[in-house]
Amino acid sequence: MTDASVNRSSHRLVSPAELKALSQRSDARGLARLAIHAGLIGLSSYAIWRTQGTLWMLPAMLVQGLFLVSLFATIHETVHYTAFRSRWLNEAVGWIAALPSMLNSTYYKHFHLAHHRHTQDPARDPELTPPPPVTRGEFWWRITAIPYWIGRFRSLGKLAAGNFQGADFVPEKARGEVVRSVRLMIAFYALVLGSAAVTGSAWPLLYWIAPVILGQPFLRAYLLTEHTGCSEDANGLTNTRTTLASWPVRLLMWNMPFHVEHHLYPSIPFHALPALHVKVRGDLAHLAPGYLPTLRAIHTDLGRAA
């Protein structure tokens with residue numbers, strides 16, 4: 001995505017010279033962040049192996065799940081082609097990072113571009129399908145991640161069959177590539193699960209399936225804070241929320257908590273978002289002190305609406 005898609009509500013908060021400097025992409029910075037993320041997954045995998053047969057295995061699997069589902073941030077950055085300078089590296093890493101959560105990066109690239117073009121437009125923003133929760137029951141149902149998994153299975157099945165109903169944002173010329181990518185994903189899953197079944201190994205369950213099931217609700221809660229309760233218009237300063245997260249969250253989420261900044265200037269890579277935040281902070285309408293206070297506020301507002 002280029003700065004042609006920068007929301008006009010930015011009102012030139014950043015000068016062209018500053019924007020050019022902040023937009024410099026780096027393979028080294030991206031690979032360093034990826035190495036940290038992969039190292040954390042390796043450590044949590046070791047923890048699962050060491051704690052098998054004990055009660056400590058469950059928290060080890062939860063930590064593994066948090067590290068795996070937070071690869072969503074890696075996917076997000078790669079579909080913008082800002083994780084790395086090299087285009088092929090963005091595409092390869094994004095595709096692999098999407099595997100644990102059954103999210104196809106080839107498809108998600110078009111989904112996410114539509115989200116940026118039509119942020120908070122109920123008729124055209126695909127992230128508003130299904131729409132945000134309007135009751136506390138819907139809030140908790142969303143956070144269970146059950147709707148997410150149902151949607152993932154349905155989506156992969158439809159796309160593998162070449163059915164793009166409800167996915168009009170995928171251009172005709174790109175649909176063949178999406179179908180091939182989804183089918184390759186399904187083949188990969190079949191190979192992994194089939195091999196495990198033949199050898200009697202439980203590793204996919206212990207190191208992948210159970211952890212992502214445990215971790216996905218935390219990601220659902222995190223994502224709920226990005227736009228819920230913000231304006232439903234084209235003003236990037238009011239339709240998106242930035243959250244002042246702790247450094248471990250910023251590390252795992254590739255600085256995605258600086259979300260208004262990202263929506264205003266999507267060409268700026270993850271490592272430059274903190275510097276951008278300093279420049280635009282005073283203009284943000286939604287600057288949250290943390291995720292728990294924001295979720296509590298959303299939950300409270302839903303109760304009032306009911």
Side-chain angles (χ1 to χ4, degrees), residues 58-59 61-63 65-73 75-76 101-103 111-112 115-116 118-152 154 210-263 273 277 281 283-306:
L58 187 61
M61 292 170 73
L62 173 59
V63 172
L66 294 175
F67 292 159
L68 288 175
V69 300
S70 62
L71 286 170
F72 174 79
I75 308 160
H76 171 266
S101 294
M102 296 180 65
L103 179 62
F111 178 99
H112 194 63
H115 165 62
H116 269 264
H118 310 296
T119 304
Q120 289 291 86
D121 181 340
R124 296 186 292 177
D125 184 351
E127 282 200 2
L128 297 180
T129 304
V134 295
T135 68
R136 289 181 176 179
E138 291 178 1
F139 174 93
W140 289 111
W141 175 243
R142 177 76 63 92
I143 288 179
T144 65
I146 293 173
Y148 170 82
W149 292 117
I150 293 173
R152 290 273 55 77
R154 285 178 177 171
V212 296
I213 290 174
L214 292 172
Q216 192 61 231
F218 292 89
L219 180 61
R220 293 302 103 196
Y222 169 96
L223 294 175
L224 198 58
T225 66
E226 292 183 337
H227 299 283
T228 305
C230 299
S231 65
E232 293 186 351
D233 56 26
N235 186 343
L237 292 170
T238 63
N239 66 18
T240 305
R241 178 181 289 108
T242 279
T243 301
L244 300 177
S246 60
W247 73 262
V249 176
R250 296 198 306 272
L251 177 72
L252 274 180
M253 299 308 294
W254 292 54
N255 284 331
M256 270 181 61
F258 296 115
H259 209 58
V260 177
E261 296 81 349
H262 165 69
H263 267 263
L273 289 176
H277 172 72
R281 177 170 177 155
D283 294 277
L284 308 184
H286 299 285
L287 184 61
Y291 287 100
L292 285 178
T294 304
L295 288 166
R296 279 198 297 266
I298 292 171
H299 188 264
T300 299
D301 287 344
L302 292 176
R304 292 196 187 105

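The figures that follow rest on heavy atoms only: side chains count, while hydrogens, waters and symmetry mates do not.
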Task: Heavy-atom closest pair, residues His286 and Val260 - done: O-CG2, 4.4 Å
Task: For the student: nearest non-hydrogen atoms of Ala210 and Met61, plus distance - done: CB-CE, 3.1 Å
TODO: For the residue pair His263 and His116, categorise the inter-ring angle as parallel (less than 30°), tilted (30 to 60°) or perpendicular (more than 60°).
DONE: parallel
Task: Residue of the set His262, His76, His227 for which ring-ring contact (aromatic ring centres under 6.0 Å, His included) holds with His115 - done: His227
Task: Distance, nearest 0.5 Å, that separates CG of Asn255 from CH2 of Trp247 - done: 12.5 Å
Task: Rounded distance [0.5 Å steps], CD in Gln120 versus CD in Glu127 - done: 9.0 Å
TODO: Could you tell me whether the side chain of Leu214 reaches within less than 4.5 Å of the side chain of Leu58, counting heavy atoms only?
DONE: yes
Open item on the list: Looking at every heavy atom in both Leu224 and Thr228, which two are closest together, and how far apart are they?
Closed with: O-OG1, 2.6 Å
Open item on the list: Looking at Pro257, is its backbone amide N or carbonyl O close enough to the side chain of Arg250 to form a donor-acceptor pair, meaning the two atoms are under 3.5 Å apart?
Closed with: no
TODO: Please step through side chain to side chain contact (heavy atoms under 4.5 Å, CB included) for the pair Phe139 and Ile298, ending with a clear verdict.
DONE: CA-CA 9 Å; Phe139 174 93; Ile298 292 171; 4.1 Å; yes
Task: Straight-line distance of Leu71 CG to Leu219 CG, nearest 0.5 Å - done: 10.5 Å
Task: OG on Ser246 to CG on Leu251, rounded to 0.5 Å - done: 10.0 Å
- [ ] Specify the closest pair of heavy atoms between Asp233 and Asn239, including all atoms of both residues, with the distance to one decimal.
- [x] O-ND2, 2.9 Å
Task: Distance, nearest 0.5 Å, that separates CD of Glu138 from CD1 of Ile143 - done: 12.5 Å
Task: Any donor-acceptor N/O pair, Ser231 side chain to Thr238 backbone, under 3.5 Å - done: yes
TODO: Give, for atom OH of Tyr291 and atom CD of Glu226, the distance between the pair rounded to the nearest 0.5 Å.
DONE: 7.0 Å
- [ ] I would like to know whether His277 and Leu273 meet side chain to side chain contact (heavy atoms under 4.5 Å, CB included); could you show each step before the answer?
- [x] CA-CA 6 Å; His277 172 72; Leu273 289 176; over 6 Å; no
Open item on the list: Is it the case that the side chain of Arg241 and the backbone of Thr225 share a donor-acceptor pair, with hydrogens and angles ignored and the cut-off at 3.5 Å?
Closed with: yes
Task: Heavy-atom neighbours of Phe111 CZ exceed 12 at 6.0 Å - done: yes
Open item on the list: Using modelled atom types and a 3.5 Å cut-off, is there a donor and acceptor pairing between side-chain atoms of Thr240 and backbone atoms of His259?
Closed with: no
TODO: Kindly determine whether Glu261 and Leu284 satisfy side chain to side chain contact (heavy atoms under 4.5 Å, CB included), including the steps that lead there.
DONE: CA-CA 9 Å; Glu261 296 81 349; Leu284 308 184; 3.5 Å; yes
TODO: Determine, stepwise, if the pair Arg281 / Leu287 fulfils side chain to side chain contact (heavy atoms under 4.5 Å, CB included).
DONE: CA-CA 8 Å; Arg281 177 170 177 155; Leu287 184 61; 3.5 Å; yes
Open item on the list: Suppose the criterion is side chain to side chain donor-acceptor pair (under 3.5 Å): which pairs have a residue in residues 141-150, not counting sequence neighbours?
Closed with: none
Task: Partner residues of His118 under the ring pair (Phe, Tyr, Trp, His ring centres under 6.0 Å) criterion, sequence neighbours left out - done: none
